[in-house]
*Asks:* 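Dropping the structure in here first, questions after.
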Amino acid sequence: MYNKVVLVGNLTRDIELKYLQNNTVVAKSAIATSYKYKSNTGEQKEETCFLDFDIFGRTAEVANQYLKKGSKVLLEGRLVLESWTATDGTNRTKHSLRVDTMKMLGSGNTPNEASKEEPSNKIYEPARVRKDIEIDIKDEDIPF
């Protein structure tokens with residue numbers, strides 16, 4: 001089976017950086033993409049798609065350093081289905097993007113005040129995660 005997604009769009013919110021109990025770093029945010037088309041009546045239409053994403057490792061730190069709300073970015077990864085029980089007891093699910101590769105686009109990507117480095121058009125790929133490591137995520141770590 002094959003599960004690969006490539007999105008180009010703008011961040012809808014600033015990166016939220018978290019460190020998990022095993023010192024794994026994760027960056028969370030969302031991307032908005034749009035698609036323009038003509039309807040059957042000839043009217044111009046536009047669809048916008050919003051998708052949450054997670055980036056792990058050094059790439060997460062780079063994203064936190066250079067990206068902010070509105071930054072244009074190319075993300076490549078796979079769709080994952082997240083499920084949880086809401087506070088009202090209902091079971092909830094959503095799809096999100098687990099990012100494998102990130103490329104910063106446009107000139108709007110500047111480092112934050114803590115760094116004087118210049119961004120590059122380098123493609124960032126996180127180190128491959130060992131499959132024998134379990135990530136222990138508690139309910140309070142899930143932002144929804």
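Numbers for residues simply follow the sequence, beginning at 1.
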*Asks:* Closest heavy-atom contact between Ile15 and Ser29?
*Replies:* CD1-CB, 3.8 Å
*Asks:* May I ask you to check whether over 12 heavy atoms, not counting those of Arg13, lie within 6.0 Å of atom CZ?
*Replies:*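 Yes.
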*Asks:* Is there side-chain contact between Leu105 and Val73, with at least one heavy-atom pair below 4.5 Å?
*Replies:*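 Leu105 vs Val73: side chains apart.
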*Asks:* Going by side chain to side chain contact (heavy atoms under 4.5 Å, CB included), Thr33 matches just one of Leu75, Thr48, Val8, Leu7. Which one?
*Replies:*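 Testing each of Leu75, Thr48, Val8, Leu7 against Thr33, the sole residue satisfying side chain to side chain contact (heavy atoms under 4.5 Å, CB included) is Leu7.
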*Asks:* Would you call Lys69-Asp14 a salt bridge at under 4.0 Å N-O?
*Replies:* no
*Asks:* When hydrophobic residues are tied together by side-chain contacts of less than 4.5 Å, even through go-betweens, does Val80 share a cluster with Leu51?
*Replies:*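 As far as the 4.5 Å side-chain criterion goes, Leu51 and Val80 are not connected within one cluster.
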*Asks:* Find the distance between CZ (Arg98) and CZ (Phe56) and round it off to the nearest 0.5 Å.
*Replies:*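 Going from CZ on Arg98 over to CZ on Phe56, the span is 4.5 Å.
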*Asks:* Might you point out which heavy atoms bring Gly77 and Leu97 nearest each other, and give the distance in Å?
*Replies:*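 So the two residues come closest at C-CD1, 3.7 Å.
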*Asks:* Looking at NZ of Lys4 and OG1 of Thr101, how far apart are the two atoms once the value is rounded to the nearest 0.5 Å?
*Replies:* 6.0 Å
*Asks:* Would you name the heavy atoms of Lys28 and Asp54 that are closest together and state the gap between them?
*Replies:* NZ-OD1, 3.0 Å
*Asks:* Is the CG atom of Asp88 crowded by more than 12 outside heavy atoms at less than 6.0 Å?
*Replies:* yes
*Asks:* Take atom OH in Tyr37; do more than 12 heavy atoms of anything else shown fall under 6.0 Å from it?
*Replies:*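 Yes, because the 6.0 Å sphere around OH of Tyr37 holds more than 12 heavy atoms from other groups.
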*Asks:* If you look at every heavy atom in Gly9 and Ile31, which pair is closest and at what distance?
*Replies:* N-CD1, 3.6 Å
*Asks:* Looking only at heavy atoms, which two atoms of Arg78 and Asp100 are closest? And how far apart?
*Replies:* N-OD2, 4.4 Å
